[in-house]
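Quick notes on the structure that follows.
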Amino acid sequence: MATDARAKFQNPEFRPDFHADLTVSSHDGLQFWQFMIAGSIAGCVEHMAMFPVDTVKTRMQALGSCPVKSVTVRHALKTILQSEGPSALYRGIGAMGLGAGPAHAVYFSVYETCKKKFSEGNPSSNAAAHAASGVCATVASDAVLTPMDMVKQRLQLGNSGYKGVWDCVKRVMSEEGFGAFYASYRTTVLMNAPFTAVHFTTYEAAKRGLMEVSPESVDDERLVVHATAGAAAGGLAAVVTTPLDVVKTQLQCQGVCGCDRFTSGSIGDVIRTIVKKDGYRGLMRGWIPRMLFHAPAAAICWSTYEAGKSLFQDFNQQKDTGTVT
């Protein structure tokens, strides 16, 4: 072995390929900005498509200042349609449009970057890396989305008194200060960290399992695989984290339409208020529309994201081979 190595270096025609060693390969064949664009499109499509369900969930979770009786999804939807019309289901969609694109661009790009770093070259089968990457992604993306999510939820309440996105932003800034936009950030992170860990771990495991069931048809059924795995991951993660989502809604909608105002912003104080008012069942208020939102939303999001990645991969391949038109 040593003799062979010396022979190579003694050969004047031998030239070691240092360039290959210095080339840094991109994860999944994509660049950072391509993950951002694919994620941004996926996030916008997901939230816009499922926005009416999110409105119903917000209405069910935003408790008034007095004890309330249980409200079903059907009753909440019927009340909104009868009293305000179908357009009420889309109040606040502009705020979500402004926040979802940038937040999901950060979300997926951070996830892919961390997954590559944490998995140590084996990104397809490292559950711990998927969970840790998801937590990092949600901490970063929530910092971007939380202000617009607060505006969105306030507009979703029927009699909030806000004329639109910018009116809500200006009034909250002048009346409550900048901190109001991030009143629920801590709760959101505490909710989305386990949500994302469960979501990404379930998604990667389900996707791998579905591909192993019928490996010969993976390419033909790739969209179905991503949609099915995404729906399973979104539905499970949504149910598990519903209590913290109720707390988040209370913090973001405090002082609006009769919702309680919390001086400390403590998660414990909010939970005690909810339990005192509506019992422990109040912590699961809205779990059905939340699951109905996240299961199809995750299917839509992952399918769109993976489709975007495939388009970029094809583009990069054509660019490398010089066949781009």
Side-chain angles (χ1 to χ4, degrees), residues 27-28 30-51 54 57-58 92-119 123 129-153 165 169 178 181-204 226 230 233-234 236-238 240-242 244-245 247-249 251-252 290 293-294 297-306 308-309:
H27 178 49
D28 281 352
L30 301 183
Q31 302 299 321
F32 189 80
W33 67 269
Q34 292 173 322
F35 286 124
M36 293 188 73
I37 292 177
S40 179
I41 295 172
C44 288
V45 172
E46 167 197 4
H47 284 283
M48 299 304 171
M50 301 304 300
F51 196 83
D54 185 60
K57 184 216 71 166
T58 298
I93 196 170
M96 181 48 63
L98 291 171
H104 280 74
V106 172
Y107 188 87
F108 281 105
S109 55
V110 171
Y111 172 70
E112 296 287 0
T113 302
C114 291
K115 185 171 75 170
K116 180 183 178 182
K117 183 178 179 64
F118 295 157
S119 61
H130 299 153
S133 301
V135 172
C136 292
T138 197
V139 170
S141 65
D142 284 341
V144 179
L145 183 60
T146 295
M148 283 296 105
D149 188 58
M150 184 275 285
V151 174
K152 180 264 299 183
Q153 285 205 308
V165 175
V169 170
F178 180 78
F181 291 102
Y182 282 94
S184 68
Y185 179 67
R186 179 176 55 181
T187 305
T188 301
V189 170
L190 289 175
M191 173 187 71
N192 283 340
F195 177 94
T196 309
V198 172
H199 185 117
F200 278 111
T201 304
T202 304
Y203 172 74
E204 298 285 359
H226 293 311
L236 177 62
V240 170
T241 57
T242 292
L244 284 172
D245 189 53
V247 173
K248 184 203 77 169
T249 299
L251 288 171
Q252 293 192 157
R290 178 168 163 79
F293 173 90
H294 280 286
I300 293 169
C301 186
W302 277 111
S303 300
T304 305
Y305 178 61
E306 296 290 354
K309 284 173 60 177

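The structure displayed is predicted, hence computed values, not measured ones.
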Between the side chain of S40 and the main-chain N/O of M36, is any donor-acceptor distance below 3.5 Å?
no
For the pair S109 (side chain) and V106 (backbone), establish whether a donor and an acceptor sit closer than 3.5 Å, ignoring hydrogens and angles.
yes
Working for side chain to side chain contact (heavy atoms under 4.5 Å, CB included), residues H199 and L236
CA-CA 7 Å; H199 185 117; L236 177 62; over 6 Å; no
What residues form a side-chain contact (heavy atoms from CB on, under 4.5 Å) with A299, not counting sequence neighbours?
A227, A231
Distance col, row L145:CG vs T138:OG1, nearest 0.5 angstrom, shows 9.0 Å
Closest non-hydrogen atoms of Y111 and G134, given as atom of the first, atom of the second and distance, are CD1-N, 3.8 Å
Any idea which heavy atoms bring A38 and K309 closest together, and the distance?
CB-N, 4.2 Å
I want to check something: taking the side chain as every heavy atom from C-beta on, are P147 and F178 in contact at a cut-off of under 4.5 Å?
no
If you round to the nearest 0.5 Å, how far is CZ of R290 from NZ of K57?
6.0 Å
Which atom of F51 lies closest to which atom of M96, heavy atoms considered
CE1-CB, 3.9 Å
I'd like to know if the side chain of S141 and the backbone of Y107 have a donor-acceptor N/O pair within less than 3.5 Å.
no
Indicate the atoms forming the closest heavy-atom contact of V135 with A193, along with that distance.
CG2-O, 3.7 Å
Taking atom OH of Y182 and atom OG1 of T187, what is their separation to the nearest 0.5 Å?
14.5 Å
List the steps and the verdict of side chain to side chain contact (heavy atoms under 4.5 Å, CB included) for Q252 and V151.
CA-CA 8 Å; Q252 293 192 157; V151 174; over 6 Å; no
Between CZ on residue R186 and OG1 on residue T146, distance to nearest 0.5 Å:
13.0 Å
Ring-ring centroid check F181 Y185, cutoff 6.0 Å
no
OG1 on T304 to CD on E46, rounded to 0.5 Å:
8.5 Å
Shortest non-hydrogen contact from F195 to G234?
CE1-O, 4.3 Å
I'd like to know whether the aromatic ring centres of H104 and H47 sit less than 6.0 Å apart in this structure.
yes
Where do E112 and Q34 land on the side chain to side chain contact (heavy atoms under 4.5 Å, CB included) test, with the steps shown first?
CA-CA 11 Å; E112 296 287 0; Q34 292 173 322; over 6 Å; no
With the side chain counted from C-beta on, respond yes when C301 and F108 share a heavy-atom pair under 4.5 Å apart, and no when they do not.
yes
Shortest non-hydrogen pair, C114 vs C136, comes out as SG-CB, 3.8 Å
Could you tell me the separation between the CE atom of M150 and the OG1 atom of T188, rounded to the nearest 0.5 Å?
11.0 Å
Sorted by first residue and then second, give each salt bridge (Lys or Arg N to Asp or Glu O under 4.0 Å) pair with at least one member in residues 138-147; sequence neighbours left out.
none
Look at the rings of Y305 and F35 and say which category their plane angle falls in: under 30° parallel, 30 to 60° tilted, over 60° perpendicular.
tilted
